[in-house]
Student: 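Got a structure for you, questions after.
Each ligand, and each atom within it, is numbered from 1 in the order the structure gives.
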Amino acid sequence: MAIVVSPSELQTLEDCLLNKSNNVALHTRFRALFTLKALKSEDAVRIISKGFSDPSALLKHELAYCLGQIKKTSALPALEAVLRDASEDPMVRHEAAEAMGAISDPSSVPILKEYLTDSERSVRETCEIAVAKIEWDNSEEGKKHHASLGESSAPLYTSVDPAPPSSGLLRGTRKEEDLGEDAVERLRKELVDTNLTLFQRYRAMFSLRNIGTPAAVDALASGFADDSALFKHEIAFIFGQLLSPHSVPSLLQVLQNPQESDMVRHEAAEALGGIATPEVLPHLREWMGRDDAPRVVRESCQVAIDMWEHENSGEFQYANALGTTTPITVP
Ligand SMILES: [Fe+2]
Ligand SMILES: [Fe+2]
């Protein structure tokens, strides 16, 4: 289902995202970005690709994420340029590599392979997962899985994930016993088993997300003890999808830990903004204003407070940068 906007609405979104007036708040720019992401069009790719000269790593990593989710190969040159730019923030380069994995064009494999030895751990780990994902997408199991997605009802989560759920938990192959306590414990063991590849551990992670019970949330939270920032930030991201109040204590711990990597704390802040229970707001306000917090953490809290307010406002749609008076038309 395509979403259509007029050329002037598109211009409004571009001006807002790229902050042409120089006075657009960051969280408002985020809403414009997510509106563009929902358009899924070549125009959206073109506009989002223009934003990579911005000083905010937070904004840029989100641009890369959205380009991956739109899934158009026209975004690949911009993403490749970001990955190749060693002076760019590692969080942004990571997201560019992950987006290349999401778009899943085989032409990206040799480029991603060049960065398997990058000096930034989060970049090389992302490239490892992205290569494995593109190879899996083109495997027998992957092709069958993608064909089955087109056939049946709406998926649990609409995101393009960096890894599919484990084999037994792919849609169509799932049985009741795959969702019980034994399954959760088996998946938890896979999740924390550093002898497995990151891709395999990610598959366990996304299986646990799809199970989504409090026990699965606890199993996922045990991954916060890992030493890979990439791995931990993905768990926080998943908590932002699951929106389970059960994950709040572990997310607050991550947000409040100055020893934790910015990327992980950023995802924890945004997950808390999405969960939006009353007790999280004072913490988000605190870290948005703390002078000793890294910029990415402060900005993430700003965006998270906007998400929190949206969740508690009864507003219909978060990605509403065109305002309620100009609804997006869905033909
Ligand atoms: Fe990420
Ligand atoms: Fe993020």
Student: At a cut-off of 2.8 Å, what protein N/O/S atoms sit near the Fe ion (ligand 1)?
Tutor: His94 NE2, Glu95 OE1, His233 NE2
Student: Sequence neighbours left out, what passes ring pair (Phe, Tyr, Trp, His ring centres under 6.0 Å) with Phe206? Give chain and number order.
Tutor: none
Student: Strictly below 4.0 Å, N to O, side chains only: are Arg290 and Glu286 in salt-bridge contact?
Tutor: yes
Student: So, applying side-chain hydrogen bond (donor to acceptor under 3.5 Å, both in side chains) with Arg93, which one of Thr126, Asp85, Asp118 is it?
Tutor: Asp118
Student: Can you see whether Tyr115 has Arg124 sitting over its ring - NZ or CZ less than 6.0 Å from the centre and within 45° of the normal?
Tutor: no
Student: Considering only residues two or more places apart or on different chains, which pairs with a residue in residues 264-292 satisfy ring pair (Phe, Tyr, Trp, His ring centres under 6.0 Å)?
Tutor: His61-His266
Student: Who passes side-chain hydrogen bond (donor to acceptor under 3.5 Å, both in side chains) against Arg188, sequence neighbours left out?
Tutor: Glu185
